[in-house]
Every structure is written in C-alpha cells, then in structure tokens.
Amino acid sequence: MRALNREIRRRIASEHQLVQDIVRDAETRAALLAGHERTVSPLRVWTNFDHSSCDLTSLSPTDLPQWRDVGEYLKLHLLAQLGIWTGGYAFTVKIRPDLEAKWKREGIAPMDRIKRNIAERLAAEGLSDLEYCYVVETRSKSGKSRSQLHLHGVFIAEDVRVATKFKVVMERALALHPKGRAAAGVKPKAGPAINIQPLYEKIDGSRYGRGRWAGYAAKNVHKPDTRFTRRFFMSRAATRLVREFWALILEEPLPQVDL
C-alpha cells in the first residue's frame with residue numbers, strides 16, 4: 001500500500017509539473033501571437049506547437065505523453081482548462097452523513113453508489129451527456145484527519161440553466177435530505193452542502209498557478225482509505241472532449257471512436 005501511495009504521489013507531481021510547463025509555453029505562444037493578431041484564440045495558443053520560435057518554449061508534441069499514458073490528474077486539469085474558455089464550473093459537494101452511514105452498514109462501495117446516484121439523477125434531468133468529473137475526498141484540508149465524504153470536481157455548462165440543474169441533481173443525489181439537515185445527520189453549524197463557482201483564470205504566483213483547482217481536488221488522493229480502490233470519475237462525454245483536446249495538442253488526427 002505504501003508503494004502504491006508513493007507511486008500515486010509521484011504520478012501527480014509529474015503531471016502537475018507537466019501542466020505547469022504546458023501553461024508556461026502557452027503563455028509564451030500567446031505573447032508571440034499577440035504581436036501579430038488583434039485577438040488570440042486560447043485554443044490556437046494551446047495547439048500552436050508548430051510556431052517558429054521553438055527556442056523560447058520547452059515542449060513539443062514529442063515531449064508529451066500519448067493518450068493511453070495520460071493520468072487522471074492531467075485529465076481533470078484539461079477539463080478545467082476547457083471549462084475556463086467555454087463556460088465551466090468548479091464544485092464541491094458534501095455527501096449526507098446518513099447516506100455514508102447507510103452504505104457502511106449495508107457493505108456498499110461508496111464510489112459505486114455515488115456514480116449511480118449521480119447518473120440516475122442526471123438522466124432524469126436530461127443531462128446524461130454532461131461533461132463532468134470529480135474526485136471523492138475522505139480527508140480534511142490538511143489531510144491529517146478523516147472528514148465527511150465529499151466531492152471536488154468540474155463540469156461544463158455554457159447555459160446557466162444547466163448549472164442550476166446540476167446543482168439540483170447533486171442536492172437530490174447526495175447532499176440534501178428531504179426532511180432537512182437534522183435528518184441527514186448534519187451538524188447545526190456545518191457550512192453549505194454544495195458550493196458551485198464559475199471557473200476563471202487566475203495567476204497569483206502560487207505553486208499551483210492555473211492548475212490550482214486540479215491540485216486542490218487531488219491533494220489527498222494518495223492517502224489510504226480501504227473503502228476505495230479508485231476515487232476519480234470522468235463521464236464519457238468529458239473523456240471524449242478531453243481526448244479530442246489532447247489530440248489537438250499532440251497534432252494527431254481527432255479520434256473517431258467513442259472512448
């Protein structure tokens with residue numbers, strides 16, 4: 001288990017560094033393009049690896065992993081980056097304590113039930129093709145103690161009405177008890193069960209940079225928890241979108257199959 005956790009930490013650190021390198025190169029390409037164009041398309045910036053000033057950047061498509069080697073942390077970051085451009089949201093959802101206790105009593109794997117509850121509610125709202133992903137977290141912010149089960153994730157929604165529906169889905173699937181907070185086992189002074197915020201660009205000099213939300217969401221995935229063999233989920237629609245984005249960055253033909 002310790003060896004596995006070390007490997008997870010190594011993989012996240014490696015992909016985080018790759019994210020920072022890609023972002024840094026994107027900023028350089030944006031500056032180069034800005035001298036020739038009135039507006040600079042973010043998509044062109046991120047896929048403009050064939051620029052003439054390669055000596056000013058550190059990566060080329062040959063330096064990047066093939067899709068089969070792209071890990072969960074990088075997929076989460078790429079979806080967040082797409083969300084910044086197209087209309088995306090970061091979300092945190094606290095799972096009702098009574099649900100967590102029920103799953104434990106009945107020997108139900110939490111990840112399976114979380115995925116099922118969300119999928120069923122999304123289908124009921126006509127949102128089965130929504131592009132979203134999340135990490136299930138079981139630790140406090142510091143990582144030193146266990147916390148209430150909660151999700152950190154990203155979803156794409158250009159229409160604010162879709163974002164509202166997503167909030168309702170999470171309320172009904174995981175967060176709110178029909179009879180109120182007391183029935184759900186929520187402490188009186190506990191904060192809101194759901195927090196959804198538009199994704200936005202911010203470069204503040206921190207070590208996370210533009211990858212800060214992905215870094216925050218994945219901060220404790222290497223901590224052991226016997227209830228989980230996996231704590232990351234990405235919808236098929238989101239996987240397809242991120243796969244197409246990565247193909248553009250690698251300058252590959254777009255995939256023709258539904259992944």
Side-chain angles (χ1 to χ4, degrees), residues 1 4-5 7-9 11-12 68 70-77 79-80 89-140 143 145-157 165-179 183-186 193-196 213-214 216-243 258-259:
M1 182 62 72
L4 176 61
N5 292 335
E7 175 58 24
I8 292 173
R9 285 196 296 269
R11 181 66 175 265
I12 290 175
R68 64 179 178 273
V70 171
E72 296 170 344
Y73 175 84
L74 184 52
K75 290 176 183 177
L76 171 60
H77 177 83
L79 188 66
Y89 295 80
F91 67 88
T92 296
V93 177
K94 297 177 183 177
I95 297 172
R96 288 164 33 193
D98 68 303
L99 277 182
E100 185 177 349
K102 181 176 183 292
W103 297 340
K104 182 177 180 180
R105 286 195 309 270
E106 298 178 358
I108 295 171
M111 192 69 179
D112 292 342
R113 191 53 55 92
I114 290 167
K115 289 191 294 184
R116 193 187 78 174
N117 285 10
I118 293 174
E120 289 178 350
R121 291 293 183 178
L122 285 174
E125 294 290 343
L127 297 175
S128 294
D129 292 331
L130 189 72
E131 294 144 342
Y132 71 99
C133 70
Y134 56 81
V135 176
V136 180
E137 185 158 41
T138 64
R139 293 274 175 169
S140 62
S145 60
R146 277 198 175 188
S147 69
Q148 178 182 347
L149 278 181
H150 58 285
L151 314 181
H152 293 306
V154 170
F155 69 95
I156 306 294
K165 284 186 176 182
F166 184 83
K167 184 175 185 291
V168 171
V169 163
M170 289 301 182
E171 288 174 347
R172 294 176 176 174
L174 300 171
L176 300 186
H177 195 290
K179 295 183 179 180
V186 177
I194 299 177
N195 185 15
I196 297 178
W213 180 244
Y216 181 80
K219 62 186 178 298
N220 287 321
V221 295
H222 62 282
K223 299 293 177 63
D225 192 314
T226 57
R227 294 173 293 175
F228 296 89
T229 57
R230 189 179 184 187
R231 284 189 270 170
F232 176 84
F233 175 81
M234 177 172 277
S235 69
R236 290 176 66 85
T239 301
R240 182 169 54 247
L241 178 65
V242 171
R243 172 69 182 93
D258 187 4
L259 301 177

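We count residues from 1, following the sequence as given. Nothing here was measured: the structure is a model prediction, and the numbers come from that model.
- Of all heavy-atom pairs between A193 and A175, the closest is CB-CB, 3.9 Å.
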* Steps toward side chain to side chain contact (heavy atoms under 4.5 Å, CB included) verdict (E100, K104) -> CA-CA 6 Å; E100 185 177 349; K104 182 177 180 180; 6.0 Å; no
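- Taking each heavy atom of M234 and L76 in turn, the nearest pair found is CE-N, 4.2 Å.
- The side-chain heavy atoms of I118 and Y134, taken from C-beta on, include a pair separated by under 4.5 Å.
- Counting only heavy atoms from C-beta outward, the side chains of V169 and L130 never approach each other to under 4.5 Å.
- Rounding to the nearest 0.5 Å gives a distance of 11.0 Å between NZ of K179 and CG of D98.
- For the pair P110/L149, a side-chain contact is recorded, criterion being any heavy-atom separation below 4.5 Å from C-beta on.
- Residues Q148 and P97 are in side-chain contact: their nearest non-hydrogen atoms beyond the backbone lie under 4.5 Å apart.
- One distance of note links CG of N195 with OH of Y89; it measures 13.0 Å at 0.5 Å rounding.
- Annotation for A173 and N117: closest pair O-ND2, 3.2 Å, computed over non-hydrogen atoms.
- When side chains are defined from C-beta on, T138 counts as touching R231, because their heavy atoms get closer than 4.5 Å.
- Taking CD1 from I194 and CD from E171, the interatomic distance works out to 4.5 Å, rounded to the nearest 0.5 Å.
- The line from NZ of K102 to CZ of R105 is 7.5 Å long, rounded to the nearest 0.5 Å.
- Residues R96 and A184 come closest through the heavy atom pair CG-CB, 4.0 Å.
- Taking the six-membered ring where tryptophan is involved, the planes of F155 and F166 are essentially parallel, since the angle between them stays under 30° and well short of 60°.
- Expressed to the nearest 0.5 Å, how far CG of L127 lies from NZ of K165 amounts to 5.5 Å.
- In summary, R121 and E125 do not engage in a salt bridge, as defined by a charged side-chain N under 4.0 Å from a carboxylate O.
- Interatomic distance, F91 CZ to L151 CG, rounded to the nearest 0.5 Å: 6.0 Å.
- Residues W103 and I114 form a side-chain contact, since some pair of their non-hydrogen atoms from C-beta on lies under 4.5 Å apart.
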Discussion item. As a quick check of understanding, evaluate ring pair (Phe, Tyr, Trp, His ring centres under 6.0 Å) for F233 and Y132, giving each step before the final call.
Written reply: CA-CA 8 Å; F233 175 81; Y132 71 99; 5.8 Å; yes
